There are 2 protein chains.
Amino acid sequence: MTLAFEPGQLIYENQLAESLSVSRTPVREAIRSLVNECLLEVLPQRGTRVAYISVKKVLEARFIRSLLEQGAFRIAAAEWSAEKKTVSNKAIQRMLEEQREAAADGDITVFLQLDEAFHRVIMEEAGNATLLNVVYQMRGHLNRLRYMALRQYRHMPQIVEEHERLFEAIAANDSELAGRLLELHFGKLNDEMSELRALTPHYFID
Amino acid sequence: MTLAFEPGQLIYENQLAESLSVSRTPVREAIRSLVNECLLEVLPQRGTRVAYISVKKVLEARFIRSLLEQGAFRIAAAEWSAEKKTVSNKAIQRMLEEQREAAADGDITVFLQLDEAFHRVIMEEAGNATLLNVVYQMRGHLNRLRYMALRQYRHMPQIVEEHERLFEAIAANDSELAGRLLELHFGKLNDEMSELRALTPHYFID
DNA sequence: ACATGAATACTTGTATACAAGTAATCCGAC
DNA sequence: GTCGGATTACTTGTATACAAGTATTCATGT
């Protein structure tokens, strides 16, 4: 996710097993799991390749996340109630504060974690664990690109601001606004991807 | 999927391996894959349980399928063009005809396959393979229930008719209508589930 | 020089042996 | 008769040995 393993790089079960001091069996299971997220692809009898960032798959994953999160955010906004305000409000405000700090520090890894945490908290309000899992699965396609984008553009403060607006819309029970803001929130990905691909073309495919 | 393995039943890697004449290793991989689809759950050091049909998970999966398929069907309807009409129309018409036959014969397994095929063909028109995969993943939650419903209610002809209407809406480029019809198409699941649960309560949970 | 093909050094796929943990059973003490 | 605890017979988790396939290398013949 942090590009410590470069897209296109070949990795080997033996190497990983040895470096982690376990046998191949659990390593294989982990690999299968990452294959599911399309972060790896197994080349039979040849090795395992760190998946290239597929422009097509990124756009597909974005479309899915957009549909699902809009659905969840709309529910969260519609159901946001006075009780929840007192219980969750503080937690979310604190989370946003931490995000501002991470943005100020330029700590990409922590920022991404908090970013995910924000989206997760809102989706949990919609009470659909399966949806959360699916969105989580889409991470693989998206997060490496987001990591690159954050490293390149340092636009973390702007993202925090968008989160704040999103939360305001939800707290105001404005489903429509929340949906539209979320759509905008995902919107820039397209242009960013083109530029990032121009910078490191050997990471990309499609 | 056909309830040949009953919800709640315990299965064992050794047994499966022997009955399939393979070792535990590939059986374990298959089990992990089905765990991902929530059709199985591993009880460490005790066995593997065929998952109960979770009312909550079924509803969650239905919500997800509804969001995603509506997104895909809307695109398919919007992009349906004259060229596609000549190429795909015949294939889809033939598929619907086969479905009518399966409905007449009361062949649930074939009918379910053709039902999936119809949805798949339309989604393929939207050109989003990842979305197709996710919808496919939701099968686990939904198809066992659909199988029970078809066995119980024998309402297959009605479903074919709904498919025909859906296809008409798409061919007429009517995105809105396609979306609404699809929502209706998923609509009855709720009532059916309550009744089916009353018939075989030991298959259900939540 | 160059094409061809066998040998080699890898890889993942599969089978099996062993470790560790669960739960029921059985036996004995009270 | 009943409770408690060690034993036993399972299970899955992990490690390792072997099978099968890939791609390179290197020798050989033209």
Side-chain angles (χ1 to χ4, degrees), chain A residues 1-54 57 129-130 133 136-137 139-141 144 201-206, chain B residues 1-54 57 129-130 133 136-137 139-141 144 201-206:
Chain A
M1 212 77 91
T2 62
L3 300 168
F5 291 84
E6 293 195 10
Q9 181 183 350
L10 281 180
I11 61 175
Y12 304 102
E13 295 178 358
N14 285 329
Q15 278 181 22
L16 283 172
E18 196 174 356
S19 73
L20 295 168
S21 301
V22 294
S23 74
R24 276 178 59 207
T25 309
V27 170
R28 277 177 67 82
E29 282 194 19
I31 287 175
R32 288 301 179 286
S33 180
L34 291 167
V35 166
N36 252 3
E37 294 185 44
C38 293
L39 284 168
L40 295 177
E41 48 190 320
V42 174
L43 313 177
Q45 265 79 20
R46 294 213 313 130
T48 300
R49 180 193 290 148
V50 178
Y52 290 105
I53 300 173
S54 158
K57 281 185 185 168
T130 307
N133 283 338
Y136 183 87
Q137 254 190 276
R139 287 191 327 155
H141 297 279
R144 291 189 298 179
H202 57 292
Y203 280 2
F204 288 81
I205 199 175
D206 277 356
Chain B
M1 213 77 91
T2 63
L3 300 168
F5 291 85
E6 292 196 11
Q9 182 183 352
L10 281 179
I11 60 176
Y12 304 102
E13 295 178 358
N14 285 328
Q15 278 181 22
L16 283 172
E18 196 175 355
S19 73
L20 296 168
S21 302
V22 294
S23 75
R24 277 178 58 208
T25 310
V27 170
R28 278 177 68 81
E29 282 194 19
I31 286 175
R32 288 300 180 286
S33 180
L34 290 167
V35 166
N36 252 3
E37 295 185 45
C38 292
L39 284 169
L40 295 177
E41 48 189 322
V42 174
L43 314 178
Q45 266 77 20
R46 295 214 311 132
T48 300
R49 179 193 290 148
V50 178
Y52 291 104
I53 299 173
S54 159
K57 281 185 184 167
T130 306
N133 284 338
Y136 183 86
Q137 254 189 274
R139 285 191 328 153
H141 297 280
R144 291 189 298 178
H202 57 291
Y203 279 3
F204 288 81
I205 200 173
D206 275 355

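Chain naming here is simple, since letters A, B, ... match the order of the sequence lines and numbering starts at 1 in each. Bear in mind the structure is a predicted one, so any value in this text is a computation, not a measurement.
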Visitor: The side chain of B:E13 lies closest to which of these nucleotides: D:dT14, C:dG13, D:dG13?
Guide: D:dG13
Visitor: Mind listing the N/O atom pairs, protein and nucleotides 17-24 of chain D, below 3.5 Å?
Guide:
unit_1, atom_1, unit_2, atom_2, d
D:dA23, OP1, A:R46, NE, 3.3

Visitor: At 10 degrees resolution, what angle do the end axes of the helix from C:dA1-D:dT30 to C:dC30-D:dG1 form when each is taken over five base pairs?
Guide: 20°
Visitor: I want to verify a distance call: between C:dG13, C:dT11, D:dT14, whose nearest atom is closest to the A:N14 side chain?
Guide: C:dT11
Visitor: A:P26 has a side chain; which of D:dA15, C:dA15, C:dT11 sits nearest to it?
Guide: D:dA15
Visitor: Please report, rounded to the nearest Å, how far the P atom of C:dC10 is from the CG atom of A:L10.
Guide: 15 Å
Visitor: Can you measure from CZ (B:R139) to CE (B:M1) and round to the nearest 0.5 angstrom?
Guide: 3.5 Å
Visitor: Check DNA chain C against residues 15-23 of chain B and give the residues with a non-hydrogen atom under 4.0 Å, in numerical order.
Guide: B:V22, B:S23
Visitor: Might you point out which heavy atoms bring A:E13 and A:V27 nearest each other, and give the distance in Å?
Guide: O-CG1, 4.1 Å
Visitor: Give, for atom OH of B:Y52 and atom OH of B:Y203, the distance between the pair rounded to the nearest 0.5 Å.
Guide: 11.0 Å
Visitor: In whole angstrom, what separates A:R28's CZ from C:dA15's C1'?
Guide: 12 Å
Visitor: Taking for each residue the nucleotide of DNA chain D bearing the nearest heavy atom, is the 5' side occupied by B:T25 or by B:Y12?
Guide: B:Y12
Visitor: Residues two or more places apart in sequence or in another chain: which of them pass side-chain contact (heavy atoms from CB on, under 4.5 Å) with A:T2?
Guide: A:A4, A:Y147
Visitor: Using a cut-off of 4.0 Å on non-hydrogen atoms, how would the nucleic acid contact of B:I11 be classed: base, sugar-phosphate, or nothing?
Guide: sugar-phosphate
Visitor: On a heavy-atom basis, which atom in A:K57 and which in A:C38 lie closest, and how many Å separate them?
Guide: NZ-SG, 3.9 Å
Visitor: Closest approach of A:R49 and A:G8, non-hydrogen atoms and distance?
Guide: CG-O, 3.7 Å
Visitor: Under a 3.5 Å distance rule, please check whether B:Q9 uses its side chain to pair with a backbone N or O of B:E6 as donor and acceptor.
Guide: yes
Visitor: Once you round to the nearest 0.5 Å, how far does OG of B:S19 lie from CG of B:N14?
Guide: 10.5 Å
Visitor: Taking 4.0 Å as the cut-off, does a side-chain nitrogen or oxygen of A:T48 come that near to OP1 or OP2 on C:dT12?
Guide: yes
Visitor: Would you please name every residue forming a side-chain contact (heavy atoms from CB on, under 4.5 Å) with B:L40, sequence neighbours left out?
Guide: B:I11, B:I31, B:L34, B:V35, B:T48, B:V50
Visitor: Using a strict heavy-atom distance below 4.0 Å, which residues from residues 29-36 of chain A are in contact with DNA chain C?
Guide: A:R32
Visitor: What is the minimum heavy-atom distance between A:D206 and A:S54, and which atoms define it?
Guide: OD2-OG, 3.0 Å
Visitor: Could you grab the distance from atom CD of A:E29 to atom CZ of B:R32, nearest 0.5 Å is fine?
Guide: 4.5 Å
Visitor: On a heavy-atom basis, which atom in A:R144 and which in A:P7 lie closest, and how many Å separate them?
Guide: NH1-CG, 3.9 Å
Visitor: Side chain of A:V42, heavy atoms from C-beta onward: which of C:dA15, C:dT12, D:dA15 has the nearest atom to it?
Guide: C:dT12
